[in-house]
Amino acid sequence: MKPRSITLTVNGAKRTAAAEPRVTLLDFLRGPLGVTGAHMGCEHGVCGACSVLVEGEPVRACLMFAVQAAGKAVTTVEGLAGSDGEPSPLQEAFRDAHGLQCGYCTPGMLIAAQALLDENPDPDEADIREAIGGNICRCTGYVQIIEAIKLAAENLREAAQ
Amino acid sequence: MISQAPNTRYVARKRRTQEDKRFVTGRGVFVQDIERPGMLHVAALPCPYPRARINNIDFSAALAMPGVHAVLDGAELAAATNPLYGGLKTPGVKWRPLAFELSRYAGEWVAAVAADSRAIAEDAMELIEVDYTPTDPVIDPEEAYQAGSPQVHPEHGSNVLYDGEFTWGPVDDDFAAADHSLSFRARWHRSSTVPIETFGAVAEWDEGKGILDVWASIQMPNYADQIAGAMGIPLNAVRVHQDVDVGGSYGVKRGIKHTVLIGYLSRKLERPIRLIEDRLDNMGGGDAHGPDRIFDTQVAYNADGMIKSLKIRALDDAGAYPGRGPFQLGKPIAAIVGPYTINSVHYEAISVTTNKTGQVPVRGFGQAPTNYMLERAVDKVAAALGMDRIEIRRRNFIQPDQFPYEQPSGTKYDSGNYPAVMDKVLALANFDALCARRDEIRSEGRLAGIGVATCLEPGGGNNMFEYLMNPAAEITTFMEGAEARIDGEGCITGVMATTTSGQGHETLVATILGEELGREPDDIRVIHADTLTAMPTRSPVASRMAIMLGGAITGAAAKLKAQIMAIAAHNLETPLDQLEYSGGDVSVRNDPSRKLTWNEICYIAHKQYHRLPEGAAPGLQAQHVWQVPLGGQLPDADGKVQLYPCFSFQAHIPLVEIDPGTGKVTLLEYFIAHDCGTVINPDIVRGMILGGIAHGIGAALYEKFEYAPDGQFLSATFADYLMPSTFEVPLVKDTEHCTPSPLTSHGQKGSGEGGYLGGPAAVASAVNDALSPRGLEIDQLPMRMSLIEELLNGTP
Amino acid sequence: MKPAPFDYFAAASADDAVRLLAEHGDEALILAGGQSLVPMMNMRLARPSVLIDINDCDEMKFMAADGDGFAIGAGTRQKDILKSAETCTAVPLLLKALAFVGHVQTRNRGTLGGSIAHGDPSAEMPLVAVTLDAAISLRTSNGERTIAASEFYSGPMSTERAPDECLMAVSFPLSTGAGTGFHEVSERHGDFAIVSAAAEINLDAGGKCASAAIGIGGAHPHPVKALKAEAILVGEAPSDALIEAAAEAATDGIEAMDDVHATGAYRMRVARVLAARAISDALAEAGL
Ligand code: FES
Ligand code: FES
């Protein structure tokens with residue numbers, strides 16, 4: 001099928017590139033747009049490594065076609081940093097708690113965690129597990145990830161006061 | 001909490017890692033992020049049959065498709081390349097990137113397409129027509145061991161790749177003298193580490209320079225050597241870029257066949273070629289499965305619970321292509337008696353080939369299954385004697401004053417304090433309260449159990465298992481090299497010689513360099529040399545990097561410091577023994593006003609030859625290659641030899657509940673105490689241990705590469721191969737103990753594997769404790785809920 | 001793992017969708033949330049040559065009482081159902097089942113209609129629809145028809161939907177004072193069920209079962225309404241023995257399959273265990 005031109009907003013910037021309908025949002029971001037933060041882990045919707053925010057909601061970028069994201073706002077891990085380019089409080093908390101090892105699942109984890117914190121500033125352990133339940137990490141055993149998200153929530157609440 | 005806090009500034013202190021920043025901001029550079037101009041993409045065609053003769057491959061239609069640049073089959077590749085490395089002396093077993101004449105498992109690659117995109121390559125793949133004659137496969141390892149079973153590699157003459165017997169100590173006497181003995185079979189089914197990033201590689205042949213550049217998601221020793229060997233090019237024509245971030249490996253990222261395939265295509269087409277496994281490739285045709293083992297074990301023990309001797313037969317199914325997989329039967333010899341004073345062991349190790357995907361090294365290199373079997377043995381002896389599972393371990397533990405302790409197979413354990421670690425885990429678990437909680441659940445009519453397991457984690461590597469299983473391989477070093485440089489402005493750079501896949505090696509190098517030179521680790525840059533510029537290495541396997549890279553970089557730091565001191569002594573005109581080094585500045589002990597600062601010394605070294613001591617080379621740079629401690633010897637006349645230098649220890653205590661109606665196991669609690677000597681970075685060590693436990697929970701309860709009896713592969717997706725999510729892993733509580741190793745630079749030992757070595761045994765112990773009131777027992781992993789439910793409610 | 005090529009149309013309305021379906025015949029598939037279809041397309045297990053995307057058809061996203069039923073538009077996302085207090089009151093069983101469906105990311109895209117139309121034998125939404133015997137409305141360019149969920153499924157991922165029909169809405173009977181129960185077992189939380197059981201029961205003033213809806217998922221090639229179990233319950237005063245008898249009957253007619261996760265025998269036994277639990281929960285909630 002012929003490539004068609006697709007325009008969407010990625011991390012605040014309008015981006016346009018051509019792709020066949022069969023190109024997933026994940027491949028579109030990583031390929032033509034060169035935004036490589038979201039990762040390919042399974043391409044069948046189980047691992048969560050490809051998670052991105054579409055219109056503020058976390059979705060699996062491997063299960064959406066790029067054409068479907070036309071006109072929408074997409075946020076990847078690269079878009080989580082502040083406008084000054086410095087890591088966000090959530091990203092800093094992942095560093096403080098060492099909520100990662102190889103870093104491969106990390107973009108998806110951060111996206112899932114960010115979506116949680118956007119909705120719930122004071123999540124308990126069960127909320128956190130629910131939020132990242134669809135993201136598989138093979139390195140950490142999740143403990144330090146959960147600690148990182150708790151820490152981020154704490155820091156954000158403190159900063160808000 | 002570290003029980004013996006070393007007197008250090010950076011080592012063992014909680015500090016952020018160097019690597020995390022790039023990963024949390026999405027700036028890691030993984031192999032899938034490597035773009036080369038004109039790069040082509042490869043897809044490989046899997047064989048649908050477990051075993052089939054390839055009569056003909058017609059790929060004309062595929063080749064004619066627009067966007068397709070080449071289609072390659074096994075015949076062309078076999079004519080142009082050598083078979084891939086195999087560790088055993090089995091010349092009849094030929095492993096090739098694409099099946100040639102005979103395809104040996106369902107999913108084996110028979111042809112490959114290089115095209116403008118992966119999608120086009122997959123489109124073209126569908127047009128390849130292969131004429132197969134399916135033949136009877138051999139799937140069951142016991143059947144494969146029998147003479148007369150269908151042969152996976154007819155040229156080899158049988159399916160037995162290795163069958164060796166070892167006797168260490170007076171086994172028969174010990175069995176004869178013991179009060180009791182028992183025997184059992186334990187089954188560790190096929191699973192693997194299954195990183196979230198699949199394997200991938202990019203190869204680019206530069207005809208002008210005659211160099212093959214490779215970017216790969218790799219973690220293995222001698223990768224470049226194996227590429228060069230298979231492609232028939234000099235080793236110095238292969239340049240592996242080792243600064244590619246690797247998205248997890250835990251042993252399995254060994255895509256040698258993928259690399260040779262694309263290396264050949266790149267040379268043929270003079271284009272950069274990329275092969276990224278998709279998940280189906282990875283699970284099916286990636287040759288990355290792990291041990292698949294049957295243990296038949298006999299235990300001789302006395303009425304007081306003392307275990308005297310073991311007879312172990314381990315039959316392992318290496319799949320169709322063994323590579324280095326069978327050596328996973330050899331490494332466990334390093335800790336064949338675990339932390340116990342068992343006097344003698346008979347060990348028969350058998351590796352067979354079957355029509356399944358190939359086996360590669362998995363976290364622990366065979367130690368996890370062996371430890372599972374060993375801990376089952378201890379639990380069974382306890383049950384037979386009606387003895388407490390903790391008490392029996394205490395009685396059998398090697399005691400702190402017995403180190404270095406030579407166990408029957410000749411390896412000396414360096415140090416440890418097993419009773420202290422056991423005490424710590426019991427305290428952490430509040431063990432009496434934990435037992436009360438279990439009993440309360442039981443009193444409500446449900447099933448609950450506490451697991452008790454320990455494990456030794458051999459660390460540091462040492463290739464001697466290879467010699468034991470193949471004496472032609474007279475390889476007695478397992479070295480690691482590193483380099484450190486200080487530039488004219490005083491900036492420090494550490495150069496490591498291999499890749500990293502989440503273990504935080506950059507932080508390790510920076511921390512130790514900072515410690516040794518008294519400089520801030522965060523300001524130290526750590527880079528990964530490519531294989532043409534790197535010092536010798538054996539890669540981050542064998543739980544060895546803290547030990548070996550730590551030792552190498554410590555050695556380089558010492559050399560640098562000596563250069564600095566020599567410059568200072570020369571310029572301050574003061575003998576070395578009257579100088580003091582502090583944070584990089586050097587002053588005269590009794591006259592601190594006479595001093596050279598770090599920056600001055602670095603400037604002198606780089607710019608002022610006239611101020612250098614006689615014979616000193618300009619600049620500040622040092623290389624150090626470290627031989628593995630206690631390595632370097634061939635076995636003695638009794639066949640005894642040191643395998644691995646350092647031994648970490650862990651004790652695990654989980655609490656599980658089993659739903660008697662469904663068989664579903666829930667981990668309610670998990671406690672661990674560990675001792676890996678000095679911890680270089682506490683967060684990194686803790687992370688690897690907790691991650692290892694989660695991995696162990698997966699092996700214990702969920703993960704299995706399932707084959708139908710007819711050889712079809714049934715677990716090709718993440719919907720069928722089940723890795724634990726956050727819902728399946730409890731908030732593990734951990735504590736540590738520190739018995740420094742006398743053999744390493746800072747007392748450190750290995751820590752990347754232990755969670756996975758003890759976890760499966762611990763969960764198995766807990767499940768069996770839960771089943772024990774019903775008089776039931778389960779001796780295979782994974783303990784799927786359907787298996788448990790069948791045991792509880794099925795018609796016997 | 002890249003999908004085979006296809007052409008793509010974004011339907012602007014339901015009419016648009018059925019028109020496109022009529023035009024492209026059985027080569028076309030409707031793309032709703034994509035959480036089941038896209039994995040199959042990525043693996044080339046499904047290879048439609050045309051995809052008709054209904055994500056922009058806002059008229060297919062609704063939740064509203066309609067007579068003595070409560071209708072949910074096929075395009076309604078699972079996350080929106082979970083957030084709708086009205087739906088939770090009207091169809092509480094749906095809420096209980098949704099707790100087992102996928103994960104945040106998949107529920108953000110996944111739709112009710114997509115799950116119902118896909119018809120995975122172990123999926124939760126089809127089980128709820130069959131248990132409650134919801135009314136499924138299907139539309140072609142020529143008109144609309146309604147089919148009972150209990151007649152909709154014919155096998156694993158196969159339904160009575162004709163290739164040119166688009167699933168428009170599912171209407172669930174209003175739950176008035178009923179108690180509900182939903183139990184399932186999977187190795188990991190969020191996976192498709194190996195077996196599942198659903199129950200919705202009304203008690204009369206005398207404490208007897210006035211009505212009962214029981215269903216079993218994951219065991220048979222499609223979700224099954226356990227008519228025999230329902231009959232055992234209705235008109236009777238609940239007791240442990242009654243629950244056991246109903247649960248025992250819940251697998252009547254089921255032919256359970258073996259797969260990589262469990263044997264058929266496991267599914268049969270556990271279906272009865274879960275049925276008993278679901279019935280007990282429903283009774284407790286109904287005020288027993
Ligand atoms: S890559 Fe999308 S869920 Fe795994
Ligand atoms: S950090 Fe490696 S998979 Fe999560």
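Numbered from 1 within each chain, the chains take letters A, B, ... in sequence-line order.
Side chain of C/Y266 to backbone of B/T662: a donor-acceptor contact under 3.5 angstrom is found.
Using a 4.5 Å cut-off between heavy atoms, B/A708 makes no contact with chain C at all. For B/T717, the part lying under 4.5 angstrom from a heavy atom of chain C is the side chain only. Heavy atoms of B/E728 lying under 4.5 Å from chain C belong exclusively to its side chain. At a 4.5 Å heavy-atom cutoff, the contact between B/L701 and chain C is made by backbone atoms alone. Of the atoms belonging to C/R277, it is side-chain heavy atoms, and not backbone ones, that fall under 4.5 Å from chain B. Only the backbone of B/F718 comes within contact range of chain C, with heavy atoms under 4.5 Å apart. Contacts of B/D281 with chain C are absent, with no heavy-atom separation under 4.5 Å from either backbone or side chain. For a residue to count as touching a neighbouring chain, one of its non-hydrogen atoms must lie under 4.5 Å from one of that chain's; by this rule B/T726 does not touch chain C. With a 4.5 Å cut-off on non-hydrogen atoms, B/E706 touches chain C through its side chain but not through its backbone.
Put simply, CZ on C/R269 and OG1 on B/T795 are 6.5 Å apart, with the number rounded to the nearest 0.5 Å. Rounding to the nearest 0.5 Å gives a distance of 12.0 Å between OG of B/S725 and CD of C/E187.
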Criterion side chain to side chain contact (heavy atoms under 4.5 Å, CB included) on B/E789 and C/V273, from CA distance to verdict: CA-CA 11 Å; B/E789 191 274 345; C/V273 169; 5.9 Å; no
Working note: C/H261 + B/L722, criterion side chain to side chain contact (heavy atoms under 4.5 Å, CB included); need CA distance, chi angles, decisive distance, verdict. CA-CA 10 Å; C/H261 298 296; B/L722 306 176; 3.9 Å; yes
Could you please spell out the steps behind the side chain to side chain contact (heavy atoms under 4.5 Å, CB included) verdict for C/R44 and B/E122? CA-CA 10 Å; C/R44 300 195 179 201; B/E122 289 187 25; 3.4 Å; yes
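Closest approach of C/P5 to B/D123, counting heavy atoms only: CD-OD1, 3.9 Å. In plain terms, the two heavy atoms of B/R784 and C/V260 that are nearest each other are NH1-O, 3.4 Å.
Within 6.0 Å of CD on B/E126 lie more than 12 heavy atoms contributed by other residues, nucleotides or ligands. Other residues, nucleotides and ligands contribute over 12 non-hydrogen atoms within 6.0 Å of the CE atom of C/M157.
Comparing C/H189, C/H103, C/K2, C/R188 by heavy-atom pairs within less than 4.5 Å of chain B, the highest count is held by C/R188.
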